[in-house]
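To start, the structure under review is shown below, and the notes come after it.
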Amino acid sequence: MRTRSARLALLVLGCVGTDRAQALPQNAVSDLGGTSWQLVKFEGSDDKTLTPDDSTRYTTEFESSGGVSVRIDCNRGHGTWKSPGPNQLEFGPLALTRAMCPPAPLNERIGKDWAYVRSYTLKDGHLFLSLMADGGVYEFEPMGQKAKAGGSVKGTALYRERVALPPDAVFEATLEDVSKADAPAELIGLVHVDRPGNPPIHFEIPYDTSQIEPSHQYMVRGRILVGDKPFFTTVEGYPVLTAGHGNDVELLLHRASESSASSQPLEDTYWKLTSLGNAMVSIASQQKEPYFILNSETRRVSGSGGCNRLMGSYELSGDHLKFRQMAGTLMACSEGMETEKAFLQALGQVNTWKITGQKLKLFDATANLIACFEARPMK
């Protein structure tokens, strides 16, 4: 089991380590192999202590084969671990999703500290991970039985083209909670399959059953990466688990050139708004046309709502797109203000995108069409 955005957001992965330990010291295997831990606190060398609000959202699971699965708030990841000597511990590169979790001091800290862990100690049933150069100590306790209660979504992934996958291909599938239309999808489960071979690709996404709410909506997305770049990807989410849906799913993947690249690139293109949902947008006389441009160098958004200038930032990972900190000038126009307001609200709900020729479509987390655009020459 291996656990981009946003996405969910849209979902970006770090480097996946290929140096999985082949022979771990027996004492390390007996100490850590097959164990699961949840974070109690972090004590820095400056005597400052960071404590998670919910320990079950910060976990580490050691595999006896040298793999390690982690959860950092709403993100999950997978990497490797090794023990060069007694009570020594080192982690390999961590492949971690990059969903936008609520701000928390530990979220960024753990990711930065991961590569600096050098030793471990077991004391009174707790696990202590020490950073190099006395950088601090992470204290863990055994993961509770509730956190271990697991289910799984099983599925197959297909694509229709007669294309053989290269040896370095990686298949990835995510299980996401997409219940909140005004918030990024929350990652519930993630799986990686190295060298998946030709389709059908069989996969199983494990998840913590305590995270599943009957009233929520859950969807599965998948993609095939080659050299950390999308090769095939789903263009919509597939519902599972609730609202009458089961835990089996069949994904249809499309060439990435059909969804995340085309004759017209998403970035550095002038995108004119043509419709919101299924309603065509009409431009009043003397009114500017609503549009946006994504600057690939600065990752900034510029544009117009028709009356006011728009600005903000964005996050892009494969077919996942998120607009962040959008703002505008405060002029009041006699016409077009309702369209401008709806345009801004739509940008705040964007989760995925698709380009066909010169046309761009934006979708929310439940794969509903939000807005359509046409590429126009830069003005």
Side-chain angles (χ1 to χ4, degrees), residues 1-13 69 71 74-78 95-100 150-160 165 169-181 183-194 196-197 199-225 230-256 258-260 317-322 350-354 363-369:
M1 176 187 71
R2 291 194 174 188
T3 65
R4 167 123 146 354
S5 161
R7 167 256 287 187
L8 120 93
L10 323 293
L11 300 151
V12 179
L13 291 176
S69 299
R71 176 176 179 176
C74 66
N75 286 293
R76 295 175 186 267
H78 194 275
L96 186 68
T97 58
R98 299 295 177 87
M100 295 300 294
S152 66
V153 171
K154 299 179 180 180
T156 57
L158 305 165
Y159 56 82
R160 292 172 177 166
L165 297 178
V170 176
F171 172 76
E172 169 196 301
T174 57
L175 172 63
E176 304 170 0
D177 184 338
V178 297
S179 305
K180 298 180 181 179
E186 179 183 359
L187 185 70
I188 302 298
L190 171 70
V191 67
H192 289 272
V193 180
D194 291 328
I201 300 170
H202 299 276
F203 64 90
E204 183 173 355
I205 308 175
Y207 63 86
D208 179 357
T209 56
S210 67
Q211 290 185 270
I212 305 302
E213 298 289 342
S215 60
H216 287 200
Q217 292 178 295
Y218 299 91
M219 288 198 175
V220 173
R221 301 181 190 276
R223 61 179 182 171
I224 295 173
L225 301 171
F231 188 40
F232 283 92
T233 182
T234 52
V235 296
E236 61 182 347
Y238 290 77
V240 292
L241 298 182
T242 58
H245 300 290
N247 63 342
D248 293 303
V249 66
E250 183 175 298
L251 308 183
L252 178 61
L253 307 180
H254 299 262
R255 280 291 291 266
E258 298 175 12
S259 58
S260 61
S317 174
D319 64 344
H320 287 255
L321 173 66
K322 287 293 182 182
V350 172
N351 186 64
T352 57
W353 61 278
K354 180 181 180 181
F363 304 88
D364 65 14
T366 56
N368 293 318
L369 179 64

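The analysis underlying the following values was restricted to heavy atoms, covering all of them including side chains, and did not include hydrogens, waters or symmetry mates.
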(message) With a 4.5 Å cut-off on side-chain heavy atoms, are Asp319 and Arg221 touching?
(response) no
(request) Provide the closest heavy-atom pair for His320 versus Trp353 in the form atom of the first, atom of the second, distance. (result) N-NE1, 4.0 Å
(request) Report yes if some heavy atom in the side chain of Thr352 is under 4.5 Å from a heavy atom in the side chain of Val235; otherwise report no. (result) no
(message) Once rounded to the nearest 0.5 Å, what's the spacing between atom OG1 of Thr233 and atom CZ of Arg255?
(response) 12.5 Å
(message) Using 0.5 Å steps for rounding, measure from the CG atom of Asn247 to the OG atom of Ser152.
(response) 6.0 Å
(request) Applying side chain to side chain contact (heavy atoms under 4.5 Å, CB included), run through Phe363 and Lys354 and close with a yes or a no. (result) CA-CA 8 Å; Phe363 304 88; Lys354 180 181 180 181; 4.0 Å; yes
(request) Provide the closest heavy-atom pair for Gly151 versus Thr209 in the form atom of the first, atom of the second, distance. (result) N-CG2, 3.4 Å
(request) Could you tell me whether the side chain of Tyr207 reaches within less than 4.5 Å of the side chain of Ile212, counting heavy atoms only? (result) yes
(message) Do Asn351 and Leu321 have side chains that approach each other closer than 4.5 Å (heavy atoms only, starting at C-beta)?
(response) no
(request) Calculate, to the nearest 0.5 Å, the distance between atoms CG and CG belonging to Leu165 and Leu225 respectively. (result) 11.0 Å
(message) To check you understand the geometry: which heavy-atom pair defines the closest contact between Glu250 and Tyr238, and what is its length?
(response) O-CE2, 3.5 Å
(request) Please examine the side chains of Leu241 and Val153, heavy atoms only from C-beta on, and report whether any two atoms are closer than 4.5 Å. (result) yes
(message) Using 0.5 Å steps for rounding, measure from the CD atom of Glu204 to the CG atom of Asp248.
(response) 10.0 Å
(request) Indicate the atoms forming the closest heavy-atom contact of Ala169 with Ile224, along with that distance. (result) CB-CG2, 4.2 Å
(request) Using atom types as modelled and distance alone, determine if a side-chain donor or acceptor of Lys322 lies under 3.5 Å from a backbone N or O of Val350. (result) yes
(request) Please name the pair of heavy atoms, one in His192 and one in Glu172, separated by the smallest distance, quoted to 0.1 Å. (result) CE1-OE1, 3.6 Å
If you look only at distance, which donor and acceptor atoms sit under 3.5 Å apart when one is on a side chain in residues 213-220 and the other is two or more places apart or in another chain?
residue, atom, partner, partner atom, Å
His216, ND1, Asp177, OD2, 2.8
Tyr218, OH, Gln211, O, 3.4
Tyr218, OH, Glu213, N, 2.8

(request) Heavy atoms only: give me the nearest Thr234-Leu253 pair and the separation to one decimal. (result) CG2-CD2, 3.4 Å
(message) As an exercise, state the distance from CD of Glu236 to CG of Leu252, rounded to the nearest 0.5 Å.
(response) 8.0 Å
(request) Report the distance from atom CG of Leu187 to atom CD of Glu176, rounding to the nearest 0.5 Å. (result) 6.5 Å
(request) Would you confirm whether Ser69, through its side chain, and His78, through its main-chain N or O, come within 3.5 Å as a donor-acceptor pair? (result) no
(request) Please work out whether the ring planes of Phe171 and Phe203 are parallel, tilted or perpendicular, with thresholds of 30° and 60°. (result) tilted
